[in-house]
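We're numbering straight along the sequence, starting at 1.
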Amino acid sequence: MKGKTRLRGAAIDSVFLTFARFVTALSGIVIAKLLSTQFTLQEYGTYSQANLIITTVTAITILGLTDATNYFYNTAPDEETKTKYVATIFGMQYIIGILAAIVIMVVQAPIVQYFKNDDLKKVIMFVAWMPVFENIIPMLQVLFVSVGQAKLIAFRNLWVSYARLAVVAVACFITKEVRTIFAVLLVLDILQVIIFKKQLSDRGYGVDLKKFSAKLAPEILKFCIPMAVFVLVNSLNRDIDKYVIAFFTDTETLGIYSNAARLLPFDMITASFITVLAPIFTRQVKAEDNSKVLDTLKIFIRVCYFSAWIFVVGAIVNARELMLFLYDEKYLSGLSVFVLYLFVDLIRLMGTTQVIVAKGKTSFLMLLSTVTLGVNFVLNICAFKMFGIIGPAIITLIVTIVYTIVILDFSAASLQGTFSQLFDLKELLLFSAELGGLAIICYVLKKSLYKIGATSVVALIVTYGAFCLVALLLNYKKIIDLLRSVNKLR
């Protein structure tokens with residue numbers, strides 16, 4: 001029994017999810033490398049455009065239903081009510097997703113014209129159907145976490161990452177077609193949904209669409225619509241720079257920008273924690289224990305900078321070497337964009353909306369995101385005209401900083417707290433100074449390695465490795481104490 005006890009808790013679930021995310025991230029890095037080296041800039045640009053469409057349509061059609069799954073499942077008074085809510089939420093997603101797929105296929109001509117790329121016609125049929133399954137999968141994951149089966153998600157992520165890598169390898173070395181990637185990934189998504197639903201059903205938590213209740217739809221939509229607008233606008237905020245680049249430049253330039261602006265998996269630790277903390281936030285908010293929620297949010301923020309910041313700052317020191325390692329020399333013209341997006345990674349990780357969602361104040365998120373999108377759109381165009389492709393990246397960084405501050409300040413205020421209460425200012429300043437000092441030392445070390453003839457790969461391994469190792473050793477005790485704090489959360 002003691003052994004089993006040690007394998008329970010939020011921190012343990014997070015470790016399992018983080019390991020799976022690590023493997024997934026590693027396969028993602030290999031996939032990016034294969035695509036960057038084996039495909040031309042035109043082909044990679046087509047791949048980027050297709051992914052941009054999938055991301056946007058996924059955000060349009062999710063309608064906040066992932067958050068609705070978490071909210072209604074964890075707040076419903078009994079199992080029968082939970083079953084009806086879940087069935088209705090999933091039924092709504094299937095209906096919306098199917099309609100969206102039909103619309104994309106009908107309006108494919110204007111889409112191809114916007115991107116000025118006829119090669120999109122070859123993949124649009126597969127791209128149209130991917131969003132519905134891309135949305136169903138995280139909704140099912142929320143159910144797994146809510147019923148205490150987070151470890152199954154970890155194992156699922158492992159085999160999916162291997163499968164995706166195999167798909168890309170086939171496309172790169174055998175068929176040599178971008179179309180292969182999307183065709184097989186669609187099949188893979190469908191298989192994931194089938195397997196997930198069976199695993200849930202075997203454990204007595206099946207999604208029974210026959211229990212769909214139209215009477216529950218208005219209540220669900222009332223909760224979801226503000227969140228849906230938030231998710232959609234947030235997605236557009238994240239990708240608006242790419243749409244600006246796509247409109248004013250060509251497919252190859254978008255390919256370069258997309259790789260440079262790719263959000264690297266520094267959030268695999270924080271994302272795993274927020275996955276298992278989401279139900280905890282919901283329960284604590286429902287219990288109206290504001291001080292406990294404030295403490296939980298503060299713990300999450302500490303997880304962000306004691307984990308992700310170490311790897312992000314190390315990457316900034318080795319930006320050129322990392323870009324060469326991850327992609328290819330033909331993408332180096334986007335190095336400045338790559339560096340700016342590393343700074344975006346530093347900030348965006350802390351901007352969790354879990355407290356605001358749990359408080360039911362999604363209308364604020366809708367308003368904030370809408371205002372941000374308008375400002376972001378105008379500034380992106382102006383910045384592109386003034387500075388070229390680096391302009392939208394600069395605006396993305398500025399907007400991310402302001403947005404994160406506003407989100408955290410509002411979260412604290414809704415808990416009768418203040419923005420400053422979310423941070424241990426002394427600890428944060430000392431930690432930042434520590435990382436800054438290490439960055440200078442490692443930068444000097446990198447220059448010395450080049451002087452003695454080291455390659456970019458050797459310089460990256462030695463310098464990045466030394467930075468992360470020293471930073472983790474210096475903060476080992478704090479990180480362990482932080483994990484213990486997370487594991488005690490209920």
Side-chain angles (χ1 to χ4, degrees), residues 28 31-60 104 107-124 126-128 130-131 168 171-172 177-179 181-182 185 235-264 323-324 326-342 344-345 373 376-397 399-400:
I31 287 171
K33 183 69 173 180
L34 285 173
L35 292 172
S36 299
T37 56
Q38 298 301 314
F39 285 156
T40 64
L41 283 173
Q42 171 66 25
E43 290 169 331
Y44 190 83
T46 301
Y47 173 81
S48 300
Q49 290 169 347
N51 272 325
L52 193 57
I53 295 168
I54 292 170
T55 301
T56 302
V57 176
T58 299
I60 292 171
I104 292 172
V107 301
Q108 63 175 292
I111 293 174
V112 171
Q113 186 178 1
Y114 178 88
F115 287 103
K116 303 180 289 290
N117 182 13
D118 288 338
D119 290 342
L120 270 177
K121 295 176 182 177
K122 300 175 183 178
V123 299
I124 201 75
F126 308 112
V127 166
M130 289 184 72
V168 171
C172 288
E177 285 189 337
V178 174
R179 178 170 50 184
I181 298 174
F182 293 105
L185 286 183
S235 175
L236 291 175
N237 267 323
R238 185 177 61 245
D239 291 330
I240 196 69
D241 55 342
K242 299 177 187 67
Y243 278 107
V244 169
I245 296 295
F247 184 79
F248 287 110
T249 64
D250 54 24
T251 302
E252 293 188 357
T253 303
L254 178 63
I256 293 170
Y257 188 91
S258 295
N259 253 354
R262 182 189 299 273
L263 294 175
L264 297 177
M323 198 170 189
L324 281 172
L326 293 176
Y327 309 124
D328 192 67
E329 190 172 356
K330 60 178 175 275
Y331 293 92
L332 276 180
S333 58
L335 180 60
S336 55
V337 174
F338 184 68
V339 173
L340 284 168
Y341 260 84
L342 287 173
V344 169
D345 279 324
L373 177 62
N376 205 5
F377 177 69
V378 173
L379 292 181
N380 262 274
I381 295 174
C382 294
F384 177 83
K385 294 292 186 179
M386 292 173 65
F387 306 112
I389 67 168
I390 194 176
I394 294 172
I395 298 304
T396 298
L397 175 58
V399 169
T400 301

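Residue Glu329 comes nearest to Leu324 through the heavy atom pair CA-CD2, 3.8 Å, listed as atom of the first residue, atom of the second, then distance. In terms of heavy-atom proximity, Leu120 sits nearest to Ala50 at CD2-N, 4.0 Å. Taking all atoms of both residues into account, the shortest heavy-atom contact from Thr40 to Glu43 is N-OE1, 2.9 Å. Residue Phe182 comes nearest to Asn51 through the heavy atom pair CE2-OD1, 3.8 Å, listed as atom of the first residue, atom of the second, then distance. Between Arg179 and Lys122, the shortest heavy-atom distance links the atoms CD-O, 3.2 Å. When every heavy atom of Ile256 is checked against every heavy atom of Gly334, the shortest pair comes out as CG2-N, 4.0 Å.
Within 6.0 Å of OH in Tyr114 there are more than 12 heavy atoms belonging to other residues, nucleotides or ligands. Other residues, nucleotides and ligands contribute over 12 non-hydrogen atoms within 6.0 Å of the CZ atom of Phe248.
Side-chain contact between Leu397 and Ile394 is absent, with no heavy atoms from C-beta onward closer than 4.5 Å. When side chains are defined from C-beta on, Phe377 does not count as touching Tyr243, because their heavy atoms never get closer than 4.5 Å. Contact check for Phe115 versus Thr251: no side-chain heavy atoms found under the 4.5 Å cut-off. Looking at heavy atoms from C-beta onward, Leu35 lies in side-chain contact with Ile181 at the 4.5 angstrom threshold. In this structure, Leu264 and Leu342 have side chains that are in contact, with non-hydrogen atoms separated by less than 4.5 Å.
Ile381 CD1 to Met386 CE: the interatomic distance, rounded to the nearest 0.5 Å, is 14.0 Å. The distance from the CG atom of Asp241 to the CD1 atom of Ile389 is 10.5 Å, given to the nearest 0.5 Å. Separation of atoms CD1 (Ile53) and CD (Gln108) is listed at 10.0 Å; rounding is to 0.5 Å. In this structure, Leu340 CG and Leu335 CG are separated by 9.5 Å, a value rounded to the nearest 0.5 Å. Here the CD1-CD1 distance, from Ile390 to Ile395, works out to 11.0 Å after rounding to the nearest 0.5 Å. Separation of atoms OG1 (Thr400) and CZ (Arg238) is listed at 11.0 Å; rounding is to 0.5 Å.
Judged purely by distance below 3.5 Å, without hydrogens or angles, the side chains of Tyr257 and Thr249 never pair a donor atom with an acceptor atom. Side-chain contact of Thr56 with Asp239: a donor-acceptor pair under 3.5 Å is absent, judged by distance alone.
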Going through the distances and angles, do Gln42 and Asn117 end up as a side-chain hydrogen bond (donor to acceptor under 3.5 Å, both in side chains)? CA-CA 9 Å; Gln42 171 66 25; Asn117 182 13; 3.1 Å; yes

Worked check of side-chain contact (heavy atoms from CB on, under 4.5 Å) between Val57 and Val127: CA-CA 10 Å; Val57 176; Val127 166; over 6 Å; no

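Side-chain atoms of Asp328 do not come within 3.5 Å of backbone N or O of Ser36 as any donor-acceptor pair. Under a 3.5 Å cut-off, the side chain of Lys116 and the backbone N or O of Ala246 do form a donor-acceptor pair. The backbone N or O of Leu326 lies less than 3.5 Å from no partner atom in the side chain of Lys33, so there is not a single donor-acceptor pair.
Between Phe338 and Tyr327, the ring-plane angle classifies as perpendicular under the 30° and 60° cut-offs.
Proximity of the aromatic rings of Tyr47 and Tyr44 is defined here by a centroid distance below 6.0 angstrom, and this criterion is met.
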